[in-house]
Undergrad: 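The following block contains the structure, expressed as structure tokens.
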Amino acid sequence: MATPAHVAIIMDGNGRWAKARGLPRLAGHRAGVEALRKAVRAAPGLGISFLTVYAFSSENWSRPKSEVSDLMGLLKLFIRRDLAELHQSGVRVRIIGDRAGLQADIRGLLEEAESLTLRNTSLTLVIAFNYGGRDEIVRAARKLAQAAARGEIDSEAITAESFAGALDTQGIPDPELVIRTSGELRLSNFLLWQAAYSELVFLPCYWPDFSRENLVEALREFAGRERRFGGLEPRDVASRPAAG
């Protein structure tokens, strides 16, 4: 079975999972953290080298203050409790998203996770935190524009490759597969540049119910897809009339 090296996941449905059980939303987020642990543990054994998860979007700040506070607390708890296990398991942590304006303690934890695990190689766990795809593209464009204004680069020489190098994901391959749980059929401002040719798999389960079996199911669907990147299928090329 062809396995994608990079899988990205939109972890959706925590609140609806909790509501269906008559529980507070925080219970859904806590269950979602456990589902994340399971996915991280399963990924290396399935041949996945990069796992990117949408943990907190730049739009999530508009949620009620109490819920945002709960989510920040869960992030702190996840890093404090899980960082040692991630490090021992050879997992490298990368954070993408805008860190400007984050509280100093949050920023410090993110930097600690990255620095401690810098040389690990079994899996790269990319956490999209305070992240939005459009915001990332704007920040990259601003970075290149400022470099051009300083005369460090020629604006006419900017390519898709050099633009990608200015994104938060610099050095990380584009995801071949993007999974979204909860049955919603959209990207929600996630990896808009990087997912240009990703295969998309939408699963009906809420994120807290996501299991290794669900991950395997998505990988099987990926393996059954024919990826052409805008080209023609081999049989189509063969059937085209010769030029002249």
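Heavy-atom basis, side chains included; hydrogens, waters and symmetry copies ignored. The residues of the chain are indexed from 1 along the displayed sequence.
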Undergrad: When you look at Ile79 and Leu110, which way does the side chain to side chain contact (heavy atoms under 4.5 Å, CB included) test go after all the steps?
TA: CA-CA 8 Å; Ile79 292 179; Leu110 300 180; 3.9 Å; yes

Undergrad: Only counting residues at least two apart or in another chain, list the ones meeting side chain to side chain contact (heavy atoms under 4.5 Å, CB included) with Arg30.
TA: Leu26, Leu74

Undergrad: In terms of hydrophobic clusters joined by side-chain contacts under 4.5 Å, are Met11 and Leu187 together?
TA: no

Undergrad: Examine Leu219 and Val53 and state if one hydrophobic cluster contains both, with Ile, Leu, Val, Met, Phe, Trp and Tyr joined whenever side-chain heavy atoms are less than 4.5 Å apart.
TA: yes

Undergrad: So, do Ser49 and Thr124 sit near enough that their side-chain heavy atoms are less than 4.5 Å apart?
TA: no

Undergrad: As a quick check of understanding, evaluate side chain to side chain contact (heavy atoms under 4.5 Å, CB included) for Phe78 and Leu83, giving each step before the final call.
TA: CA-CA 7 Å; Phe78 176 76; Leu83 186 56; over 6 Å; no

Undergrad: Nearest heavy-atom pair of Asn189 and Tyr131: which atoms, and what distance?
TA: O-CE2, 3.9 Å

Undergrad: State whether the side chain of Lys143 and the backbone N or O of Ala166 hold a donor-acceptor pair below 3.5 Å, judged by distance alone.
TA: yes

Undergrad: Please lay out, stage by stage, how Arg99 and Asn130 fare under the test side chain to side chain contact (heavy atoms under 4.5 Å, CB included).
TA: CA-CA 7 Å; Arg99 302 188 198 187; Asn130 195 26; over 6 Å; no

Undergrad: Walk me through whether Asp70 and His29 qualify under side chain to side chain donor-acceptor pair (under 3.5 Å).
TA: CA-CA 9 Å; Asp70 287 340; His29 294 310; over 6 Å; no

Undergrad: Are any non-hydrogen side-chain atoms of Val93 and Ile127 less than 4.5 angstrom apart?
TA: yes

Undergrad: Look only at the side chain of Ser162 and the backbone of Ile158, and say whether a donor-acceptor pair between them is shorter than 3.5 Å.
TA: no

Undergrad: What's the spacing between Arg16 CZ and Arg25 CZ if we round to 0.5 Å?
TA: 9.0 Å

Undergrad: Does one side chain, of Asp174 or His6, offer a donor that lies under 3.5 Å from an acceptor on the other?
TA: no

Undergrad: What distance do Arg94 atom CZ and Phe50 atom CZ have between them, rounded to the nearest 0.5 Å?
TA: 8.5 Å

Undergrad: Find the distance between SG (Cys205) and CD (Glu217) and round it off to the nearest 0.5 Å.
TA: 7.5 Å

Undergrad: Linking Ile, Leu, Val, Met, Phe, Trp and Tyr by side-chain heavy atoms under 4.5 Å, what else ends up with Trp17?
TA: Leu23, Tyr206

Undergrad: For residues Asp168 and Glu136, report the shortest heavy-atom separation together with the two atoms involved.
TA: N-OE2, 3.0 Å

Undergrad: For the pair Asn120 and Thr117, evaluate side chain to side chain donor-acceptor pair (under 3.5 Å) and give the outcome as yes or no after the intermediate values.
TA: CA-CA 5 Å; Asn120 294 342; Thr117 63; 4.9 Å; no

Undergrad: Identify which one of Glu221, Glu184, Arg180 satisfies the side chain to side chain contact (heavy atoms under 4.5 Å, CB included) criterion when paired with Phe202.
TA: Arg180

Undergrad: Within the distance-only criterion (no hydrogens, no angle test), does the side chain of Thr181 pair as donor or acceptor with the backbone N or O of Leu203 below 3.5 angstrom?
TA: no

Undergrad: Evaluate the side-chain proximity of Trp193 to Leu167: yes if any heavy-atom separation is below 4.5 Å, no if none is.
TA: yes

Undergrad: Taking side chain as C-beta onward, heavy atoms only, is Thr121 less than 4.5 Å from Arg92?
TA: no

Undergrad: Are Val33 and Ile95 linked, directly or through other ILVMFWY residues, by side chains that come within less than 4.5 angstrom of each other?
TA: yes

Undergrad: Are Val40 and Val7 co-members of a hydrophobic cluster defined by side-chain heavy atoms under 4.5 Å apart?
TA: yes

Undergrad: So do Pro175 and Gln194 actually touch side chain to side chain, heavy atoms under 4.5 Å?
TA: yes

Undergrad: When you measure from the side chain of Asp135 to the backbone N and O of Gly132, does any donor-acceptor pair fall under 3.5 Å?
TA: no

Undergrad: So which atom in Leu191 and which in Ala8 form the shortest heavy-atom distance, rounded to 0.1 Å?
TA: CD1-CB, 3.7 Å

Undergrad: For Arg142, give me all partners under side chain to side chain contact (heavy atoms under 4.5 Å, CB included), at least two apart in sequence or on another chain.
TA: Val138, Arg139, Gln146

Undergrad: Do the side chains of Asp98 and Arg134 get close enough for a salt bridge, i.e. N-O under 4.0 angstrom?
TA: no

Undergrad: Find out whether Leu36 and Trp207 are in side-chain contact, i.e. whether some heavy atom of one side chain is under 4.5 Å from a heavy atom of the other.
TA: yes

Undergrad: What closest approach, in Å, do Arg212 and Ala42 show between heavy atoms, and which atom pair accounts for it?
TA: CG-CB, 3.9 Å

Undergrad: Return yes when atom CZ of Arg225 has more than 12 non-hydrogen atoms of other residues, nucleotides or ligands closer than 6.0 Å, and no otherwise.
TA: yes

Undergrad: Under 4.5 Å between side-chain heavy atoms, counting indirect links through other Ile/Leu/Val/Met/Phe/Trp/Tyr residues: same cluster for Leu102 and Leu75 or not?
TA: yes

Undergrad: How far apart are the C-alpha atoms of Glu85 and Arg41, what are their side-chain angles, what is the distance that settles it, and do they pass the salt bridge (charged side-chain N to carboxylate O under 4.0 Å, His left out) test?
TA: CA-CA 10 Å; Glu85 180 185 339; Arg41 290 166 185 159; 3.0 Å; yes

Undergrad: Please name all residues satisfying side chain to side chain contact (heavy atoms under 4.5 Å, CB included) with Tyr197, sequence neighbours left out, ordered by chain then number.
TA: Phe229

Undergrad: Which pairs count as salt bridge (charged side-chain N to carboxylate O under 4.0 Å, His left out) when at least one residue sits in residues 147-157, sequence neighbours excluded?
TA: Arg150-Glu152

Undergrad: According to side chain to side chain contact (heavy atoms under 4.5 Å, CB included), who are the partners of Ser57, at least two apart in sequence or on a separate chain?
TA: Tyr54, Glu59, Asn60

Undergrad: Please report the shortest heavy-atom distance between Gly28 and Pro208, naming the atom on each side.
TA: O-CG, 3.7 Å

Undergrad: Under the side chain to side chain contact (heavy atoms under 4.5 Å, CB included) criterion, do Arg37 and Asp82 qualify, and how do the steps go?
TA: CA-CA 9 Å; Arg37 290 188 181 106; Asp82 291 64; 2.7 Å; yes

Undergrad: Which value, rounded to the nearest 0.5 Å, describes the distance between Ser182 atom OG and Phe210 atom CZ?
TA: 12.5 Å

Undergrad: Judged by atom type as modelled, is there a donor-acceptor pair below 3.5 Å linking the side chain of Ser115 to the main-chain atoms of Glu112?
TA: yes

Undergrad: Contact between Glu199 and Glu176 at the side-chain level, heavy atoms closer than 4.5 Å - yes or no?
TA: no

Undergrad: Under 4.5 Å between any side-chain heavy atoms of Leu123 and Leu51, yes or no?
TA: yes

Undergrad: Looking at every heavy atom in both Phe56 and Leu71, which two are closest together, and how far apart are they?
TA: CE1-CD1, 3.7 Å

